[in-house]
Structures are given as C-alpha cells and as structure tokens.
Amino acid sequence: MVTLSIITESLSHFKVIQILTSSFLSILFLQAGIDKVVDREGNMAWLTSHFEDTPLGGIFKVGLMLSVISVMEMAAGILCAIGMVSILWLDNSTLSFWGAVLGGISLTMLFLGQRIAKDYTGAAVLVPYFILTLLSIFILG
C-alpha cells in the first residue's frame with residue numbers, strides 16, 4: 001500500500017493525461033508505421049491503385065511516399081513511447097511533444113493524399129486522429 005500511495009502522490013492528474021496521451025499516440029503511430037514496413041508489398045499494391053489516376057501515381061512516387069510516411073510514423077511513435085517514460089520518471093514531456101508534432105505532420109500528409117485521391121471518406125476518418133493530435137500537442141507543450 002505504501003508503494004501505491006507514493007506513486008499516486010507523484011502523479012498529478014495532468015501528468016496522467018500526458019502519459020495516456022503519449023501512450024495512445026505511440027500505439028497509433030508505431031502500429032501504423034510497423035504495418036507499412038511489415039506489409040510493404042500489400043501497402044504498395046493498394047496505394048499504387050489508390051493513386052493511379054492522380055498526379056501522385058506511379059510506382060516510384062508511391063514508393064517514395066510510402067517510405068517517407070513510414071519513417072515519419074515510426075519516428076512519431078518512438079518519440080511518444082520514449083516520451084511517455086520521460087514524463088513518468090523525469091517529468092519532461094519534450095519528446096512526446098515532438099512525437100505529437102511529427103504525428104500531426106504525418107496525418108496532414110495522409111490527409112492530403114486522401115484528398116488528392118478523392119477518397120473523401122478516408123480523409124474524414126483521419127480528422128478525429130488529427131484533432132486528438134492537436135490537443136496532444138497542446139497538452140504536452
């Protein structure tokens with residue numbers, strides 16, 4: 001019981017919100033990035049057909065876009081994951097903040113791609129994640 005009271009005393013409500021926010025974003029972006037790396041072939045096939053009739057079409061452009069977004073998502077997820085630990089032990093949210101910023105940039109890039117491909121439903125699905133990411137930037141900043 002003593003250990004639990006020490007933990008709860010050192011965790012403010014705001015710090016708990018920062019930790020949960022960082023956890024959520026790390027899961028979101030790590031899973032998305034890992035999926036793009038592990039199933040690169042499947043993602044390439046889907047994206048190639050998705051952007052076929054757009055200025056972003058073509059294997060080279062799609063491959064480059066997939067690589068860039070994979071790196072961005074992985075970096076965002078890693079920063080948020082390490083940042084979560086940093087919030088817990090060092091009371092420092094800087095890494096999570098920058099992870100959220102990279103995540104926001106990633107979501108903006110995905111949103112642009114969906115709009116260019118005229119996949120308005122796919123673009124709309126990103127909006128709640130983007131709003132959460134903006135709120136996270138505010139919370140972690």
dist Leu47:CG -> Phe51:CZ (nearest 0.5 Å) comes out at 6.0 Å
Check for me, please, whether Val37 and Ile34 land in the same ILVMFWY cluster - side-chain distances under 4.5 Å, paths through other members count. no
If you group Ile, Leu, Val, Met, Phe, Trp and Tyr by side-chain heavy-atom gaps below 4.5 Å, do Leu110 and Ile27 land in one group? no
Are Phe24 and Phe97 connected, step by step, through hydrophobic side chains (Ile, Leu, Val, Met, Phe, Trp, Tyr) whose heavy atoms are closer than 4.5 Å? yes
For a quick test of your reading: what N or O donor-acceptor pairs under 3.5 Å do the side chains of residues 128-141 make, sequence neighbours left out?
residue	atom	partner	partner atom	Å
Thr133	OG1	Tyr129	O	2.7
Ser136	OG	Leu132	O	2.8

Is any side-chain heavy atom of Phe29 closer than 4.5 Å to one of Leu107? yes
Among pairs that include at least one residue of residues 82-99, which meet side chain to side chain donor-acceptor pair (under 3.5 Å), considering only residues two or more places apart or in two chains? Ser22-Ser96, Asn92-Thr94
Would you mind writing out the side-chain donor-acceptor pairs for residues 74-84 within the sub-3.5 Å range, not counting sequence neighbours?
none

Give a yes or no on whether Leu25 and Met109 share a hydrophobic cluster (residues Ile, Leu, Val, Met, Phe, Trp, Tyr; joining criterion: side-chain heavy atoms under 4.5 Å apart). yes
To the nearest 0.5 Å, atom CD of Gln18 lies from atom OG of Ser23 at 11.5 Å
If you group Ile, Leu, Val, Met, Phe, Trp and Tyr by side-chain heavy-atom gaps below 4.5 Å, do Leu30 and Val38 land in one group? yes
With side chain to side chain donor-acceptor pair (under 3.5 Å) as the rule and sequence neighbours excluded, what pairs involving residues 51-64 come up? none
Enumerate the side chain to side chain donor-acceptor pair (under 3.5 Å) contacts for residues 30-45, please, sequence neighbours excluded, ordered by first and then second residue. Lys36-Glu73, Arg40-Ser67
Pairs meeting criterion side chain to side chain donor-acceptor pair (under 3.5 Å) with involvement of residues 99-115, two or more places apart: His50-Gln114
With rounding to the nearest 0.5 angstrom, report the CD1 to NZ distance, Ile19 to Lys15. 6.0 Å
